[in-house]
Amino acid sequence: MPSPFGFATGHINAPARNKSTGTKKGRRISRFPVSISYQPRGLRQAPCRGVQSPTLAARLRCGSRRMSTTSSKHGYVLDLQEVDRTQVAIVGGKGAHLGALSRTKGVRVPPGFCVTTAAFKRVLAATPSITALLDQLSQLAPDDREAIHALGTEIRAAIEAVAIPGDIATAIIDALTPLGDGTACAVRSSATAEDLPNASFAGQQDSYLNVVGAAQILQHVSRCWASLFTERAIAYRLRNGFDHRKVHMAVVVQRMVCPEASGVLFTADPVNGNRKVASVEACFGLGDALVSGTVNADAWKVRDDRIVEKATASEAPAPPLSDAQVVQLVQLGRRIEAHFGSPQDIEWCLDDDGFHIVQSRPITTLFPIPAADDSAPHVYISVGHQQMMTDPLRPLGVSVWQLTNAAMREAGGRMFMDAAPRLSTPAGRAGLLEMLGKSDPLIGDALRTLIERGFIPLQPDTAPASASGAPAPPAIETDPAVVDALIAKSQASIATLKRDIRTRTGPALFEFLLDDTREMRELLFDPQSHRAIMAGMEATGWLNDHLYEWLGEKNAADTLTRSAPGNITSEMGLALMDVADAIRPHPQVLAFLQQDANDDVLDALPALPGGREARDAIQRWLDSYGMRCAGEIDITATRWSERPSMLVPLLLGNIRNFEPGAATKRFEQGAQEAREKEQDLLQRLRALPDGEQKAAQTKQMIDRVRTFTGYREYPKYGLICRYFVYKQALLDEAARLVQAGVLREREDIFYLTFQELHEVARTQQADGQLITRRKQEFASYRALTPPRILTSEGECVSGMYRREDLPDGALVGLAVSAGTVEGRARVVFDMTQADLQPGNILVTPFTDPSWTPLFVSIAGLVTEVGGLMTHGAVIAREYGLPAVVGVEHATRLIRDGQRIRVHGTEGYVEILA
């Protein structure tokens with residue numbers, strides 16, 4: 001149900017029409033267990049529904065008075081004051097939170113009790129048909145709505161048909177006595193997988209308000225049990241990986257409260273995540289008027305006990321809360337947040353006694369903040385947006401990446417770099433804005449927003465300023481031998497690693513790997529390697545700037561760098577086309593790949609005519625590139641060599657879309673286009689004043705860019721080669737630990753850090769609960785979208801493209817590869833599922849180097865993530881594909897199959913049809 005406040009809420013219903021409640025069956029009222037008709041403050045308040053006398057109404061207004069303990073000897077009922085936050089398995093998430101709050105000084109919770117999961121389990125045990133139905137349920141896909149509806153309906157009917165056993169009914173009725181005869185109650189679902197730190201399950205089960213009388217209470221307890229199997233609850237569990245058999249239902253029964261106002265409090269800003277800003281929304285009485293759209297909430301934002309923003313929606317003479325009450329509520333929320341140890345989504349109501357808390361759950365949509373060892377302001381820049389891989393890394397992947405670069409900070413399974421030190425000085429700030437403003441304008445704009453706020457105090461520069469504004473002389477010779485030497489050095493180092501690691505096991509393996517990471521860092525941060533990369537980037541910038549100034553030529557370097565020598569990533573895509581050539585002549589091999597290919601594909605091929613030749617061609621390609629894969633910066637990601645079947649769709653696409661020899665023709669065509677562009681530019685330059693000098697300078701830069709631009713891809717290739725050697729050794733060690741009974745399965749090591757795994761190898765002991773918790777955390781991280789910029793206050797700061805020169809309806813992004821192309825959009829999230837035809841335009845969240853084999857089949861590229869020098873941009877220029885990156889929400893705004901036009905020179909996309 002859409003929340004009256006714009007956020008997901010519970011499904012709360014009125015019970016069936018009866019004399020006491022006067023409500024209609026199934027009518028959805030509010031997510032708050034409170035009851036009052038909407039009236040502005042100062043007018044006469046309507047009595048609570050279900051109230052039988054003024055005396056009882058007075059008792060209801062005093063909703064926080066305590067009831068006596070009603071715990072059943074069989075454990076079927078517990079008073080809220082007997083419950084604490086550790087008892088989720090007994091009373092569910094909501095019950096545990098409310099119980100903990102009811103025992104917290106200064107927090108009022110309407111009195112009540114919990115019908116425990118023991119009662120639910122007993123009822124399920126009395127329903128034999130449930131077992132078979134749950135078996136069927138676990139096999140469904142989350143989007144199979146028809147099957148979910150049918151099975152859910154059958155399960156709910158079976159549960160509601162079971163009579164509540166007499167001793168359970170007696171325990172519930174006894175617990176009602178302290179609440180008072182004829183008291184209106186809220187009967188609220190409380191599942192064991194609810195209000196968890198990484199999954200709120202908000203709105204997935206049913207709750208009921210204004211329930212009066214023992215018979216009605218018992219009936220609605222059964223309905224709450226059954227609501228564990230609503231369609232939305234089943235689909236939510238399937239999407240989030242929760243086992244239906246392991247989730248149980250408790251029920252919370254509470255006395256209703258008659259409030260003047262009710263609403264929601266977020267102790268962190270629910271929009272941008274700022275942990276220092278609380279958000280309050282309030283209306284008079286219940287939220288049902290908000291749901292029906294007849295009234296809107298008044299809203300406040302509070303920081304440091306001061307209201308910083310206010311929006312009035314009601315037309316009443318006074319708002320539902322005074323400013324002082326708003327601040328008081330936020331202070332109460334901060335106490336609750338401190339109690340639970342995380343930002344909270346709190347539902348509250350206000351009566352003559354003050355604020356009552358009727359729900360508090362973790363805000364599960366906030367992106368985590370990297371840990372810091374001080375209270376100074378920090379600005380974290382997403383590494384994933386630079387690496388074109390914004391999916392989460394598992395703990396082993398995070399820790400190995402941190403061994404690669406100790407400056408990396410982790411949050412939500414993603415890596416960040418702290419930009420605060422550079423932003424704190426004038427020179428550092430100017431350099432960072434200059435670099436990021438060009439490579440990723442959204443990051444650059446977000447940083448400018450923070451600078452304008454004064455988020456990072458500016459300190460004076462300590463380094464002396466340059467004595468001259470003249471450009472520094474070239475730091476490296478324009479000589480292909482420089483690149484050859486760097487590559488040879490990397491290859492020799494990896495060969496030594498492969499030789500020396502073979503005999504290492506146990507703790508000695510980890511000590512060896514730690515020593516080797518020093519070698520890895522020396523290669524990765526080799527000054528000569530850095531100079532070679534920068535030489536290519538600087539030459540690209542020089543060519544684009546000067547040729548635009550002299551000739552009006554935009555992004556000329558895009559064509560000049562086509563088929564540049566030594567680009568290991570673009571060579572990978574062309575080499576896979578050659579593998580397709582080796583398979584194409586063998587029809588039985590082709591038929592096998594189309595129908596029966598699985599993870600044993602290489603072993604099965606030799607039995608087919610032509611299969612040995614096909615197998616050898618694939619294996620040669622894997623020997624060179626098999627350490628790569630989607631998300632390759634995570635050492636735990638499955639490599640092509642580990643699952644060769646992932647290549648089959650790419651090979652079939654190449655066979656379908658290209659003629660034999662297409663790779664060589666494509667490379668030669670790119671080289672010819674680059675030569676022709678060079679000749680054209682030099683000829684036009686010579687016709688200018690000082691043309692010979694301009695042409696000579698340009699020729700030097702063209703030679704320089706073609707010498708060095710291809711090398712930019714090699715250091716990462718060398719790193720991934722090294723990671724694969726590490727991974728193979730670690731998995732071998734994991735197999736030994738499994739054999740020794742220390743681990744359950746090899747892949748458990750992915751959920752331990754390198755340091756933790758080292759300790760497991762040393763002690764031969766592993767924490768199974770830690771591994772399970774890490775798996776759950778990783779699953780929750782996959783649902784989070786990482787921000788480009790994140791502050792130490794938790795705020796996700798968004799940037800904007802500040803352009804006004806765009807056609808109506810255009811989707812703006814960053815121009816990274818020149819040209820304009822029209823074609824059919826193919827929206828792809830998994831490269832192994834891509835079905836591309838010639839002329840298609842690939843639209844996807846991001847592309848790392850593993851996506852390169854797809855680039856040979858497409859006419860253009862649109863991504864949500866990326867920058868001027870990210871891998872997708874570099875390869876798009878290499879292949880001559882018009883490309884626009886950083887198009888926010890492109891995969892939602894562009895539908896698969898739509899015809900679009902990509903303006904790779906101007907940096908925008910038009911949707912044509």
* Straight-line distance of Y726 OH to L497 CG, nearest 0.5 Å -> 6.0 Å

* Indicate yes or no: does K489 engage D526 in a salt bridge with an N to O separation below 4.0 Å. => yes

* **Residue pair V884 / G813: nearest heavy atoms and the distance that separates them** => CG1-CA, 3.7 Å

* Could you tell me whether the side chain of D732 reaches within less than 4.5 Å of the side chain of R736, counting heavy atoms only? => yes

* Should the heavy atoms of other residues, nucleotides or ligands under 6.0 Å from NZ of K498 be counted, would the total exceed 12? -> no

* Would you check if there is a donor-acceptor pair between the side chains of D599 and S645 at a distance under 3.5 Å? => yes

* Is the closest side-chain heavy-atom distance between R824 and Q837 below 4.5 Å? -> no

* Considering only NZ, NE, NH1 and NH2 on the basic side and carboxylate oxygens on the acidic side, decide whether D603 and R615 come within less than 4.0 Å. => no

* **Side-chain donor-acceptor contact under 3.5 Å, R704 with T478** => yes

* So, T636 and R394: side-chain donor and acceptor under 3.5 Å apart, yes or no? -> yes

* To do: Rounded to the nearest 0.5 Å, what's the gap from CG on L650 to OG1 on T852? Could you check?
  => 10.5 Å

* If only atom types and distance count, is the side chain of E410 paired as donor or acceptor with the main-chain N or O of G413 below 3.5 Å? -> yes

* Please round to the nearest 0.5 Å and tell me the distance separating atom CD1 of I720 and atom CD1 of I633. => 7.5 Å

* Structure fact -> Closest non-hydrogen contact found for R584 with F658 is NH2-O, 3.0 Å

* Does the side chain of R895 reach to within under 4.5 Å of the side chain of V827, using non-hydrogen atoms? -> no

* Check: N840 side chain, I858 main-chain N or O, donor-acceptor pair, under 3.5 Å -> no

* Flag side-chain contact, heavy atom, 4.5 Å: I894 against I900 -> yes

* Asked: Does any non-hydrogen side-chain atom of L605 lie less than 4.5 Å from one of V589?
  -> yes

* Structure fact -> In short, T847 meets T863 closest at the heavy-atom pair CG2-CG2, 4.2 Å

* Asked: Between the side chain of T517 and the main-chain N/O of M520, is any donor-acceptor distance below 3.5 Å?
  -> no

* To do: Could you walk me through whether I583 and I655 pass the side-chain contact (heavy atoms from CB on, under 4.5 Å) test, one step at a time?
  => CA-CA 8 Å; I583 295 172; I655 293 169; 3.8 Å; yes

* Starting at CG of L861, measure out to CG of L842 and round the result to the nearest 0.5 Å. => 5.5 Å

* To do: State, without any angle test, whether E668 and Q672 hold a side-chain donor-acceptor pair at a distance under 3.5 Å.
  => no

* Asked: More than 12 non-hydrogen atoms from neighbouring residues, nucleotides or ligands closer than 6.0 Å to CZ on R643, yes or no?
  -> no

* Going by atom types only, do T404 and Y723 share a side-chain donor-acceptor pair under 3.5 Å? -> yes

* Asked: Is it true that the side chains of S493 and E519 contain a donor and an acceptor less than 3.5 Å apart?
  -> yes

* Asked: Is any side-chain N of the basic residue among K727 and E642 closer than 4.0 Å to the acidic one's carboxylate O?
  -> yes

Identify every side-chain donor-acceptor pair in residues 705-715 under 3.5 Å, counting partners at least two apart or on other chains, and give the distances.
unit_1	atom_1	unit_2	atom_2	d
R706	NH1	L560	O	2.7
R706	NH1	R562	O	2.9
R706	NH2	R562	O	3.4
R706	NH2	S563	O	3.1
T707	OG1	D703	O	2.7
Y711	OH	S529	OG	2.7
R712	NE	M869	O	3.4
R712	NH1	M869	O	3.2
R712	NH2	M869	O	2.4
E713	OE1	T569	OG1	2.7
E713	OE1	H871	ND1	2.9
E713	OE2	H871	ND1	2.9

* **Side-chain donor/acceptor of N657 to backbone N/O of S857, under 3.5 Å** => no

* Is there side-chain contact between W401 and I635, with heavy atoms separated by less than 4.5 Å? -> no

* May I ask you to check whether over 12 heavy atoms, not counting those of R899, lie within 6.0 Å of atom CZ? => yes

* Take atom CZ of R612 as the centre, draw a 6.0 Å sphere, and report whether it contains more than 12 heavy atoms from other residues, nucleotides or ligands. => no

* For the pair L730 and F510, evaluate side-chain contact (heavy atoms from CB on, under 4.5 Å) and give the outcome as yes or no after the intermediate values. => CA-CA 9 Å; L730 291 171; F510 292 87; 3.6 Å; yes

* Asked: Would you say the side-chain atoms of Q776 and R773 include a donor-acceptor pair closer than 3.5 Å?
  -> no

* Asked: L509 and R504: which non-hydrogen atoms are nearest, and at how many Å?
  -> CA-CB, 3.8 Å

* When you check the gap from the basic side-chain N to the acidic O, do D516 and R722 get nearer than 4.0 Å? -> yes

* Asked: Salt bridge between R620 and D623, side-chain N to carboxylate O under 4.0 Å?
  -> no

* Within-4.5 Å side-chain heavy-atom neighbours: P644 and L602 -> yes

* In terms of the angle between their ring planes, are W640 and W621 parallel, tilted or perpendicular, with boundaries placed at 30° and 60°? -> tilted

* To do: For Q588 and P609, work out which heavy atoms get closest and say how close.
  => OE1-CG, 2.8 Å

* Asked: Is there a donor-acceptor pair under 3.5 Å between the side chain of E632 and the backbone N or O of P849?
  -> no

* **Residue pair M415, Q402: steps toward the side-chain contact (heavy atoms from CB on, under 4.5 Å) verdict** => CA-CA 9 Å; M415 306 308 298; Q402 289 174 324; 3.7 Å; yes

* Ignoring hydrogens and angles, tell me if any N or O in the side chain of R639 forms a donor-acceptor pair with the backbone of M627 under 3.5 Å. => yes

* Asked: For T891 and E864, does a side-chain donor sit closer than 3.5 Å to a side-chain acceptor?
  -> yes

* Asked: Any side-chain donor-acceptor pair under 3.5 Å between Q755 and E759?
  -> no

* **Closest non-hydrogen atom pair between L574 and Y879, with its separation** => N-OH, 3.7 Å

* Asked: When you check the gap from the basic side-chain N to the acidic O, do R782 and E777 get nearer than 4.0 Å?
  -> no

* Return yes if some donor-acceptor pair links the side-chain N/O of S641 with the main-chain N/O of G626 below 3.5 Å, else return no. => yes

* Taking the side chain from R414 and the backbone from S382, do they hold a donor-acceptor pair closer than 3.5 Å? -> no

* Asked: What's the spacing between Y717 OH and S490 OG if we round to 0.5 Å?
  -> 8.5 Å

* To do: Decide yes or no for R744 and V738: does some side-chain heavy atom of the first lie under 4.5 Å from some side-chain heavy atom of the second?
  => no

* Do any N or O atoms from the side chain of D558 and from the backbone of R877 form a donor-acceptor pair under 3.5 angstrom? -> no

* Asked: Given L757 and L737, is the side-chain contact (heavy atoms from CB on, under 4.5 Å) satisfied, shown in steps?
  -> CA-CA 10 Å; L757 187 53; L737 292 169; 4.2 Å; yes

* **Donor-acceptor pair, side chain of S817 and main chain of L881, under 3.5 angstrom** => yes

* Starting at CE of M388, measure out to CD1 of I875 and round the result to the nearest 0.5 Å. => 10.5 Å

* **Salt bridge flag under 4.0 Å for residues R666 and E659** => no

